[in-house]
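Step one of this worksheet: look at the structure below.
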Amino acid sequence: MRDDYLHALFSPQTIAVVGSFDNAGASARVVLSNLEGWGYQGRIVPVNWTSGQDPRTLDDLKGIDLAVVCLAPEFVPEALEWIADMGIKAVIIISAGFREIGGQGYYLEESIIQLAERRNLTLLGPNCLGVASWADHLNASLISRLPSQGNIAFFSPSGSMCNAILDWAASEEIGFSKFASLGNRAVIDEASMLQFLAEDPQTSVIIGYLEGMNNGRRFARISQTITHEKPVIMLQAGMTEHGQKAISSHVGALTGSERAYQTALKQAGIIQVDNLSTLFDLARMFGTQSLPKGPNLAIVTNSGGAGILAADGMAGTSLILPRLGRDTAARLADVLPRHAQTSNLVDIGMEATPVQYAQALNTVLHDRQIQMALLVIAPGLGVDLPAIVRELVALPRAEGKTVAVCLIGQEGVMEEKRFLQRHGLPCYSNPKAALASFEAMLRYAGWKTKSYPVEVCYRRDKAKAERFLKDCLDVGKTELFGFEVQPLLMAYELGFPRTELARTSKSAVKIAKRLACPVALKIASPHIEYKSDVGGVEVNLQTSEEVRLGFMKLTSRVQRLRSEAFVSGCLVQEMILGKPAEVCIRVQRDPKFGPLIRFGLSGSQADIFQEYSMRLAPLSLDDAAGMMRELKVFSLLKRERGREALDLRALEDVLLTLSQMTLDFPEIYTLEFDPVLVTSRGAWVAGARMSLLPQSE
């Protein structure tokens with residue numbers, strides 16, 4: 001693997017800085033200065049590439065672990081060949097002028113990717129700022145001002161965002177363990193970095209900034225395992241069309257769709273944020289507090305109004321404000337002022353002493369049914385904030401309880417806020433932000449308890465399906481409708497109502513007699529995407545006369561409404577008895593993440609409720625079940641009066657089989673099962689359409 005030596009990026013014993021040292025502002029000189037200024041204990045070897053001396057003659061270049069390349073882009077391939085000849089396996093390319101500028105830069109980057117593959121180089125960049133490791137006193141980067149040491153690791157492809165986040169972290173006194181600027185991600189990408197940081201003993205929380213992704217599927221699969229061990233918080237960009245275009249011009253990366261990104265991160269258990277403030281709020285919370293063991297939150301405040309705002313902020317969250325136990329209420333009454341309120345929202349009043357703030361918080365934390373506590377303090381006459389925060393940080397930690405403080409205000413409480421955070425107590429300026437952090441902690445705690453996803457491989461005749469799809473592509477048939485998809489359904493053992501094409505009303509009657517059951521008629525036209533738009537379905541036809549009249553009615557109606565559409569006849573389809581629920585399953589292949597599966601209701605109900613759930617293939621058993629649970633309307637549909645219990649296991653089988661099918665054949669670009677009829681006896685694909693995209697050799 002190209003990233004086998006990833007640890008050498010952060011813990012090298014010897015570093016060669018390759019570049020020009022003639023210019024005082026040159027990148028190589030800045031890197032060298034940062035290495036020396038941070039007290040790096042290993043050996044540093046400056047290599048002045050432009051001095052005219054052949055570096056291969058230098059005796060002290062043997063045994064080097066890491067090379068930092070700061071050269072004009074046209075000199076980089078030659079330097080990499082020399083680096084590989086010297087036995088160096090890890091390289092950071094600071095230089096810009098590659099894929100991000102397009103044209104010749106694109107081909108230059110492709111050449112170094114091939115070189116890294118051929119010479120087995122672990123390569124970070126190009127167009128990056130470098131790396132830092134606090135435990136190793138390593139700052140092999142262009143950034144001179146870095147935050148203090150902590151347990152948070154950070155990576156980003158954007159150099160400007162690296163500068164902004166590191167500068168903000170330094171001002172907010174947030175400590176980091178590792179930092180990596182990924183640049184163009186020619187070799188080392190987000191997935192590689194995530195895998196390395198998951199095993200880093202100095203890192204407890206991983207944060208990052210995402211811009212597009214070179215290998216979205218790999219990132220999602222790796223994340224799904226890592227997030228069970230460590231929280232991963234991502235600030236995501238490029239969620240709009242304009243943002244995606246900007247990313248392409250920024251780092252030369254292709255992006256996936258917004259839905260695919262959101263689905264991939266959610267499915268992998270990654271905590272998503274959309275602003276820097278929330279990113280740091282969560283990083284600090286996860287880095288200092290225990291995960292909550294339940295949803296019960298206690299609110300302690302010195303202001304009734306502030307406490308009510310905090311309680312209102314719980315609406316729409318999973319947090320619960322329970323009534324405190326009798327013993328807790330009694331202990332609070334003993335230590336608090338006479339007029340203090342000691343119900344589920346503890347209002348200690350403005351006259352409380354600093355010691356009483358700490359006593360109130362400590363008391364509620366020792367209530368057996370409380371898992372989290374928020375202390376909301378409003379400044380006012382007689383409120384001695386410096387003394388209060390000193391009492392709070394002196395309070396012994398309650399084992400297994402999650403705690404945060406909210407100091408309402410900005411400039412006037414800044415010193416006290418920083419004092420609390422310096423001592424491991426997250427502090428917020430408003431209750432809503434604090435509650436959002438509690439909610440994120442609670443959801444992540446639930447994610448950690450979930451079992452690892454178990455993927456299912458369903459029975460299928462893959463060779464038969466492959467022949468069918470090849471035959472379609474050979475004759476240029478890339479759009480298939482209805483019964484044309486049946487050979488694929490049969491190859492994957494998916495149930496479907498018996499269906500035949502009738503080109504005349506007389507043929508429709510004969511087919512209905514052969515099916516020997518109530519039938520449905522559906523208009524057959526490659527130009528009509530949704531039959532309901534033109535009233536193109538007649539159901540529960542019992543007699544030959546009903547079938548004949550239904551055929552005439554359908555074809556004349558469609559010819560009147562859509563005169564330009566070619567109508568080849570009607571599909572005669574057996575009716576599924578009972579009162580089936582109708583659902584729709586759609587798949588579209590995303591360029592970065594692969595098949596994106598959408599599950600929702602079918603027909604007019606879909607238009608009314610507009611609710612659906614999404615997952616990326618491959619689906620696990622939990623994914624399939626979760627897609628149904630997330631659909632609140634589907635839960636109501638299951639209990640509709642007059643309907644027997646639905647066979648949800650059969651519907652899960654359809655979802656899982658569809659997932660397998662789209663993974664088996666990349667040429668399936670879109671695939672829709674609409675409707676899928678679900679009864680107590682099984683699930684049937686009653687309608688299907690598929691588009692194929694020939695695969696390049």
Side-chain angles (χ1 to χ4, degrees), residues 5-98 108-109 112 115-116 119 121-146 159 162-163 166 178-184 186-188:
Y5 299 89
L6 198 58
H7 65 278
L9 291 175
F10 296 97
S11 304
Q13 298 301 309
T14 306
I15 301 176
V17 181
V18 183
S20 172
F21 297 89
D22 300 331
N23 186 343
S27 299
R29 190 173 290 279
V30 174
V31 172
L32 192 61
S33 174
N34 286 338
L35 283 168
E36 294 170 345
W38 253 50
Y40 174 65
Q41 300 299 310
R43 187 162 61 98
I44 306 171
V45 181
V47 178
N48 198 345
W49 189 267
T50 59
S51 67
Q53 181 183 21
D54 184 357
R56 294 176 180 81
T57 65
L58 300 178
D59 295 331
D60 60 349
L61 289 177
K62 295 181 179 177
I64 292 176
D65 302 310
L66 172 65
V68 182
V69 178
C70 310
L71 294 169
E74 61 269 21
F75 298 127
V76 170
E78 181 187 357
L80 288 182
E81 290 284 6
W82 166 75
I83 286 167
D85 289 342
M86 298 301 297
I88 304 171
K89 292 299 183 183
V91 185
I92 299 172
I93 302 179
I94 302 289
S95 317
F98 292 87
L108 194 57
E109 184 165 322
I112 67 171
L115 192 155
R119 303 301 299 268
L121 292 177
T122 297
L123 191 151
L124 183 69
N127 185 31
C128 75
L129 297 180
V131 302
S133 173
W134 278 253
D136 298 281
H137 300 282
L138 173 74
N139 181 9
S141 79
L142 298 179
I143 302 176
S144 300
R145 185 181 185 233
L146 292 174
C162 287
N163 270 308
L166 291 170
K178 297 282 191 301
F179 147 70
S181 168
L182 304 181
N184 291 2
V187 175
I188 299 300

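Residue numbers run from 1 in the order of the sequence given.
When all heavy atoms of L32 and I44 are compared, the closest pair comes out as CD1-CG2, 3.3 Å. Heavy atoms only, all atoms of each residue included: P77 and I112 are closest at CG-CG2, 4.2 Å. Across V91 and L66, no two heavy atoms sit closer than the pair N-CD1, 4.1 Å. Heavy-atom minimum distance, F179 versus S141: CE2-CB, 4.3 Å. Taking every heavy atom of both residues into account, S95 and V76 meet most closely at OG-CG2, 3.9 Å. In terms of heavy-atom proximity, D85 sits nearest to R119 at OD1-NH2, 2.9 Å.
Residues I64 and I15 are not in side-chain contact: their nearest non-hydrogen atoms beyond the backbone lie 4.5 Å or more apart. Side-chain contact between V187 and L121 is absent, with no heavy atoms from C-beta onward closer than 4.5 Å. At a threshold of 4.5 Å between non-hydrogen side-chain atoms, the residues L124 and L182 count as touching.
Separating the CG atom in L71 from the CH2 atom in W49 is a distance of 7.0 Å, to the nearest 0.5 Å. Annotation: the span from E109 atom CD to I93 atom CD1 amounts to 8.5 Å, rounded to 0.5 Å. Once rounded to the nearest 0.5 Å, the distance linking SG of C128 with CG of L142 reads 8.0 Å. Atom OG1 in T122 sits 8.5 Å away from atom NZ in K89 (nearest 0.5 Å).
N127 contributes no side-chain N or O that, together with a main-chain N or O of G183, makes up a donor-acceptor pair within less than 3.5 Å.
Partners of D136 according to the side chain to side chain donor-acceptor pair (under 3.5 Å) rule, which considers only residues two or more places apart in sequence or in another chain, are S11, S133. For E74, the side chain to side chain contact (heavy atoms under 4.5 Å, CB included) test picks out A72, with sequence neighbours left out. For F10, the ring pair (Phe, Tyr, Trp, His ring centres under 6.0 Å) test picks out F196, with sequence neighbours left out. Considering only residues two or more places apart in sequence or on other chains, S33 meets the side chain to side chain donor-acceptor pair (under 3.5 Å) condition with none of them. By the side chain to side chain contact (heavy atoms under 4.5 Å, CB included) test, A28 pairs with V17, F21, C70, sequence neighbours left out. Applying the side chain to side chain contact (heavy atoms under 4.5 Å, CB included) test to W38 and every residue at least two apart in sequence or in another chain returns W134, N139, L146.
Defined by atom type and a distance below 3.5 Å, a donor-acceptor pair is present between the side-chain atoms of S144 and N34.
Partner of L123 under the side-chain contact (heavy atoms from CB on, under 4.5 Å) criterion, out of L115, L80, I83: L80 alone.
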